[in-house]
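The structure displayed is predicted, hence computed values, not measured ones.
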Amino acid sequence: MKNLEALIKRARIAYYNGKPLMSDEAYDRLEEQLGVATEVGHDLIRDKGARYPHAFPMYSLQKAYSIEDHPDYGNEPVTVTPKLDGAAVSLQYINGRLSLALTRGDGKHGLDITDNMRFLVPRILLPCTGKHIVQITGEVVAPATIKNSRNYAAGALSLHDVIEFQNRDLTFIAYGIQPYPTLDFIEDMDFLDHCGFETIIDSNYPMFPQDGEVWRVINNEAFEELGYTSHHPRGAFAKKVKQEGVVTELIDVVWQVGKSGNVSPVAILDPIDIDGARVARATLHNIGIIEELGLEIGCMVEVIRAGEIIPQVVRRVD
C-alpha cells in the first residue's frame, strides 16, 4: 500500500501540472483503495475482510443463446475464446509489482485475496516496470476432474491458510489487461504471455470446466467505441447453450424474507442431483412466476442451476 500512496501523490502532482498519469476514474478508485486501507489500521495495513475498489470495473458479459441474440459487429473482426468456469479476479500492479488482488465481487469492489494470489501469479512484471498502474483480469480454475470444481476454485481464494491454498490444484488464466498495452486484444495477450501469464488464447483448455464461448471485437479502439451498458461491454458477449434441467416433484412452497426485506417464494423439492450438487430448494422469484408456470403442490417441475450456481424452477412438466 505504500507504493499506492506514492503513486497517488505523483498522480496528483502530474494532474495539477496538466499531465495526468491516468484517467480520473482510475485515480478516484485508487484514492478509495487508500481510504479503505487507512481506515482499518496503522501503516496502511490491508483488512482482508474489507472490500476494495477495482482500479477498472470488472464487467459481466451479455449472454446470447442463438444467432438472433448475437450483437452485430458488422465487418469488425472478432476472436472466440473459451469461457472458463472458475472464479474471476483482478490483479493490480504498481510499477510492475503486484500490489492488490481482488475477487470480482460486484464488479466494482472485491475482497482482498493478495496473500493467496501471490503464489499463483507473477509478483513482478518486468515489461510493466515503467507503467504506473496495470490491472490484469482472469479466471482462477481447477481441473474439471475435481467434483464441483468451480466451488473448489472460488472457495480456495478465501482460505486463510496459505499452505492449504498452495496445495490446491489451481491455475490462473489471464483474459484482460487495462490500460491496453497494444492496439488489439490478441497482441495484449501476447504481451501478458511475455509477462509470464498463461492467457486465454494459448489453448482451448479442455482440462478446465467451461460454460460457453466469449466472442470479442479484436481491435481495442473499436471495442471501446461500442461502449458499455451499466453491466457489460457491447464489444463482447458470452455464447452459451441453454441448460437441460432435471425433473422432480414440487413438494411445497415457503416464503422467505431477503436481506432487502423483500418476501419471495421458494420451492421445496424432492431432492435431486444437478451437476454433482444436491438440490432440495429452488427460487421462484415472485408470485407471478408461480402463476405463469401454473405451479401446484405435487406437480412435476424442471429445475436448473442458473449460472450453474442458483437452483431455479423453469417450467412445469405435465
Contact check, side chains of Tyr205 and Thr171, non-hydrogen atoms, under 4.5 Å: no

List the steps and the verdict of side chain to side chain contact (heavy atoms under 4.5 Å, CB included) for Phe237 and Leu61. CA-CA 5 Å; Phe237 66 89; Leu61 289 175; 5.8 Å; no

Whether Tyr228 and Phe223 hold their rings parallel, tilted or perpendicular, with breakpoints at 30° and 60°: perpendicular

Do Leu91 and Met117 come close enough that some side-chain heavy atom pair is under 4.5 Å? yes

Can you list everything that forms a salt bridge (Lys or Arg N to Asp or Glu O under 4.0 Å) with Glu198? Sequence neighbours excluded, please. none

Residues forming a ring pair (Phe, Tyr, Trp, His ring centres under 6.0 Å) with Phe165, sequence neighbours excluded: none

Quick check on the hydrophobic clustering: are Leu84 and Met207 connected, directly or via other members, by side-chain heavy-atom contacts under 4.5 Å? yes

Does Ile268 offer a backbone N or O that forms a donor-acceptor pair with the side chain of Arg281 under 3.5 Å? no

One should read off an interatomic distance between Leu120 CG and Leu98 CG, to the nearest 0.5 angstrom, of 11.0 Å

Atom CG of Leu183: over 12 foreign heavy atoms under 6.0 Å: no

Return the CD1 to CD distance between Ile272 and Glu302, rounded to the nearest 0.5 Å. 9.5 Å

Is there a side-chain contact between Arg104 and Val89 (heavy atoms, below 4.5 Å)? no

Pair Ile218-Ile186, side chain to side chain contact (heavy atoms under 4.5 Å, CB included): steps then yes or no: CA-CA 7 Å; Ile218 293 175; Ile186 293 176; 4.0 Å; yes

For Lys83, enumerate each residue passing the salt bridge (Lys or Arg N to Asp or Glu O under 4.0 Å) test, keeping only those at least two apart in sequence or located in another chain. Asp211

Enter the distance from Ile113:CD1 to Thr103:OG1 here, rounded to the nearest 0.5 Å. 6.0 Å

Are the side chains of Thr199 and Ile173 in touch, meaning some heavy atoms are under 4.5 Å apart? no

So does Thr182 get a backbone contact from the side chain of Asn220, meaning a donor-acceptor N/O pair under 3.5 Å? yes

So, Thr283 and Gln312: side-chain donor and acceptor under 3.5 Å apart, yes or no? no

Please report the interatomic distance CD1(Ile177) to CZ(Phe56), rounded to the nearest 0.5 Å. 9.5 Å

Can you list the residues that meet the ring pair (Phe, Tyr, Trp, His ring centres under 6.0 Å) rule with Phe119, with sequence neighbours excluded? none

Side chains of Ser60 and His231: donor-acceptor distance under 3.5 Å anywhere? no

Contacts satisfying salt bridge (charged side-chain N to carboxylate O under 4.0 Å, His left out) that involve residues 167-195 (not counting sequence neighbours) are Glu164-Arg168

Presence of salt bridge, Arg316 and Glu296, under 4.0 angstrom: yes

With side chain to side chain contact (heavy atoms under 4.5 Å, CB included) as the criterion, how do Asp106 and Lys108 come out once you've worked through the C-alpha distance, each side chain's angles and the decisive distance to 0.1 Å? CA-CA 5 Å; Asp106 62 3; Lys108 296 181 179 179; 3.6 Å; yes

Considering only distance and modelled atom types, tabulate donor-acceptor pairs under 3.5 Å from the side chains of residues 137-147, sequence neighbours left out.
unit_1	atom_1	unit_2	atom_2	d
Glu139	OE1	Tyr175	OH	3.4
Glu139	OE2	Gly86	N	3.0

Would you check if Ile200 and Pro82 make a side-chain contact, meaning some heavy-atom pair closer than 4.5 Å? yes

Given the rule in the side chain to side chain contact (heavy atoms under 4.5 Å, CB included) test, do Phe197 and Met189 qualify, once you have shown the distances and angles that lead to the verdict? CA-CA 9 Å; Phe197 289 97; Met189 295 302 101; over 6 Å; no

Are Val317 and Ile251 linked, directly or through other ILVMFWY residues, by side chains that come within less than 4.5 angstrom of each other? no

